[in-house]
Amino acid sequence: MERSIIEVENLTKVFGAVVAVDNVTFSIDKKEFLILLGPSGCGKTTILRMIAGLEIPTEGEIRLNGRIIFSSKKGIFVPARERDVGLVFQSYALWPHMTVFQNIAFGLKVKREAAPEIEKKVMDIISYMQLEGLKDRYPQEMSGGQQQRVALARMLVSRPDILLMDEPLSNLDAKLRLDMRAEIKIIHAQTGATTVYVTHDQVEAQTMASNIAVINRGIIEQIAPPKTIYNRPANLFVADFIGSPSINLIEGKTESGEVDGRMSVRNEWFSLKTACREIPAGRSVVAAIRPENISIVPSEGLNTLPGEVLTILPSGPETVLRVRYETYVFSLLLMQQVTLSPGQKVHLYLPPENILVFDKETENLLPLD
Amino acid sequence: MPKPAVSMEKRGTTIRFSRVKNYVRQPHIVISLILLVILLIIVILPFAKMIEDSFVWQFADTRLSRNAEPGGLTLFHWKRVFASALTQNILFRPLMNSVSTSLSVSLLAMFIGSFLALLVSRTDLPFKKIIATMAVLPYVIPSYIHALAWLNLFKNSRIGGAAGVFQYLTGITPPDWLSYGYFPIVVTLSIHYFPFTFLLVSAALTSIDSRLEESGEILGATRFHILRRITFPLVLPALLSSFILTFSRVLGTFGTPYFLGTPVRYYTLATQIYSNIINRIPSVGYILAFVLIIISSAVIYINQRMIGKSKSFVTIAGKGFRVTETPLGKLSYPLLCLIILLFIASVILPLVLLVWQTLTLYPNDYSIKHLTLLFWIGEANTVFAEGEAGILLNPAIIRAAWNSIKLALVASVIAGFLGIFVGYAVVKGRNTKLAYAVEQMSFLPYLVPGIAFGALYLALFSHRIGPLPALYGTFALVALVCIAKNLPFTGRAGITSMLQIGSELEEASETLGARWITRFRKIILPLSIQGAISGFILVFITVMRELSLIILLVTPETRTLTTMTFRYQEQGYTQFSSAISVLIIIIVVFGELISRRFGKKNGI
């Protein structure tokens, strides 16, 4: 296997009394598309800026292609301009006093490439990014989407091995964002550049990433492919943060005495059979089930709960339901249009194989089998 | 979730060293450190030196005391100012005069300025736009020029020399209280400073959504009631600010109280500082300057505190709200006449008086048949003015004009660039102690009244310090003091424009491989220069009309137009002083018009 291209070890950044990034370790393989995902203020942008060299870490080590570019122990700090990474800012950071051509050519001029060479490279990237006819415009004379393309072009023209993007799509409207997602994916596939991408948008993360690192309060909660993050969240934070509507959480204690060796979770109202391996009874746990995994069934049976429909939120092909049972309100995501009405009594079915169980104390996922 | 604590211990000195090295390698840190050294020399050091000098016997002190041993330590000067038979004359009376003139001027200027602001921004007064533009002019004209105009009008023969126009026309000798002292000082300075209140209060009024007032109206309140209960509390912060800032500016004003007060021995702290230093008792002057700085700082500190507190309830809710105009009805034209009168008194009349004065052959003969252009374009002639040529042909004046322009150019360009660097260092280093130190130190000169700042520089640079030669008598010293004094303005402007630019534009170029020099040249400078240009012009105008700050520091070699005016006036050549004043007015008004071209004015 090829060596990891970005290696981050025990990275810590302290601003005054605030620990923004706390002892973070991860590595990114060649051609990988890693997304740093987390709520605002979780430290994801700080991690990106430390890789770019715009922020000096308090502690730790960063290597690019095996070369140490920062090490607190060895006293190494390679400034941003010597790291050869491309960075796209959330604000695009296009220079308002330069035309599109000048913006894109800047990096090449700084590297003192020959004028004809620069001209050719810039024109190539302009046509690649479909910016023809805009080369003499100033940034403020263009739409948000066009500015975004210029920012990408400016980064790509120097052909960096590593692309860093800090919420590049968050200033675009919803439709344009969809287009640009696809475009960035294509760029990634064509250039094969290792990419680190910061976002707080979980849909963006799931559609684009080869790996997602979920970050919370300066630490990495889980780093895994999108499907794993969604289906097997490592802990309650990840489970709760990923998915919309949010995952349904049910507190209870483990029950034993079943013959098949599978755990049940019981609280004061009901008991749920799960697919988890049995553990000693009486432990406090949290069971969780995604809204789309709960279904409405005609009659009672295993893992069914009677409930009363509270609200119905139809949106095109899908419908979000809120159903109350005693003190619990379950969210359901049904891939259909429904003819229910508020107040109606329904039976909910929670399939055992879709129920995740987390230890209440450590908040970590309990093994499924 | 259990979080591993950051281990802040267990690291050797090598790591600490490398951390320091990495820290220092950041360009904004380097710039901050350089700025810190510059600021120490041009701001902190003069202050320290001034305090030191006040405790040391000066050479000239041998005239005052037999015990004086030049160079030795003494409390003599402090005792002389604070606890001696002279205290009454040296400190108390000038202090009282300073405070009473400052208070009166602030009140009067606040009243005129806010009344005018209310009329212009809240009523249907005719010609509002023109009035708003004109209202700033008295402030553009240097304040002591109003004093000169006053003298041209009301001078009596008390101090010898020629009487003014009033006496010439009416044959009545104006009483002393009208010619000199408290009354004319208050009137001329109020005329000069009311635009300041006008600007601040207008800005406050236009930022108040008049829907706030309308909602009062809907609830059945009368116009007066709304003014008192809604509008007034909302502009109160601006009113207080203008009052306090006018107060501290008048406190430090030198020219006007010198021209109008000194002839009748009406001293203020500012003129007392000057005469002590001129009479070679500099240490006493330094102590008085110190007193002035303390009062001025206290006043500005109070203002900052109040602004900080009241900001929270200023109701600026976006732009584009409507302003309803109160109809003035029958009052409309009487009020307009009043405003025209004010304008005549504050701008036209002084100008006419000055120009008229320049055209008189003999200082006290204002008759038409004796008008002459001699003082403008006359050849040198031993019959007049000790053989000085008219100002447009006079080499000394042309040199002074050149000095003025050179000084204003050098000071505005250097102060402007320093301001950009201050902005860069402060914004890049946000929330660090170093950036905070740079910001605070660059603001310090604002607290020091002009005449006292000149005194500080006199104390420091009259002899050599370490590797620095004695700068007294050089152009460099005059330029340095102007740069330092204007740094608070250019620094503020720099910080504002850096905040607007944001750090990402520079970082983007950094990730593309640009060195700091390239980043500064290609990104930061082009982006901040636009904002800086109006700052440049502002400083240019300020230096062009500067008197208080440089009067203690200029020598015949480094004379400027303003100090030439001062000398001529002192020697009784009122035609020359008036002519140069007219020249200065032309230059500053022209500069003001150019700066308007460049759009928004930042601060005054």
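Quick caveat: nothing in here was measured; it's all calculated off a predicted structure. Sequence lines set the chain letters: A, B, ... in the order given, protein chains first and strands last, and positions in each chain run from 1.
- In this structure, the portions of Leu505(B) lying under 4.5 Å from any heavy atom of chain A include both its backbone and its side chain.
- When the shell of 6.0 Å around CD of Gln140(A) is examined, it contains more than 12 heavy atoms from other residues, nucleotides or ligands.
- Counting heavy-atom pairs closer than 4.5 Å to chain B, the top-ranked of the candidates Gly86(A), Pro79(A), Ser91(A) is Ser91(A).
- Options Met98(A), Lys109(A), His97(A) differ in how many heavy-atom pairs under 4.5 Å they form with chain B, and the most are formed by His97(A).
- Taking a 6.0 Å sphere around NZ of Lys360(A), one finds it holds 12 or fewer heavy atoms contributed by other residues, nucleotides or ligands.
- Identified by a heavy-atom distance below 4.5 Å to chain A, contributing residues of residues 427-443 of chain B are lacking entirely.
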Side-chain donor-acceptor pairs of residues 156-167 of chain A under 3.5 Å, sequence neighbours excluded:
unit_1	atom_1	unit_2	atom_2	d
Asp166(A)	OD1	Thr45(A)	OG1	3.3
Glu167(A)	OE1	His200(A)	ND1	2.9
Glu167(A)	OE2	His200(A)	ND1	3.4

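- Interface residues of residues 511-524 of chain B toward chain A, defined by a heavy-atom distance below 4.5 Å and sorted by number: Thr511(B), Leu512(B), Gly513(B), Ala514(B), Arg515(B), Thr518(B), Arg519(B), Lys522(B), Ile523(B).
- Note on Leu54(A), Leu108(A), Leu87(A): by heavy-atom pairs under 4.5 Å with chain B, the leading option is Leu54(A).
- Interface with chain B: from residues 146-155 of chain A, residues Arg154(A) qualify, criterion being any non-hydrogen pair under 4.5 Å.
- Neither the backbone nor the side chain of Leu236(A) comes within less than 4.5 Å of any heavy atom in chain B.
- Here CZ of Arg83(A) is found 9.5 Å from CD of Glu510(B). Values are rounded to the nearest 0.5 Å.
- Inter-residue side-chain proximity for Trp95(A) and Ser509(B) is flagged as met; some heavy-atom pair is nearer than 4.5 Å.
- Counting heavy-atom pairs closer than 4.5 Å to chain B, the top residue among Tyr92(A), Phe89(A), Phe15(A), Phe106(A) is Phe89(A).
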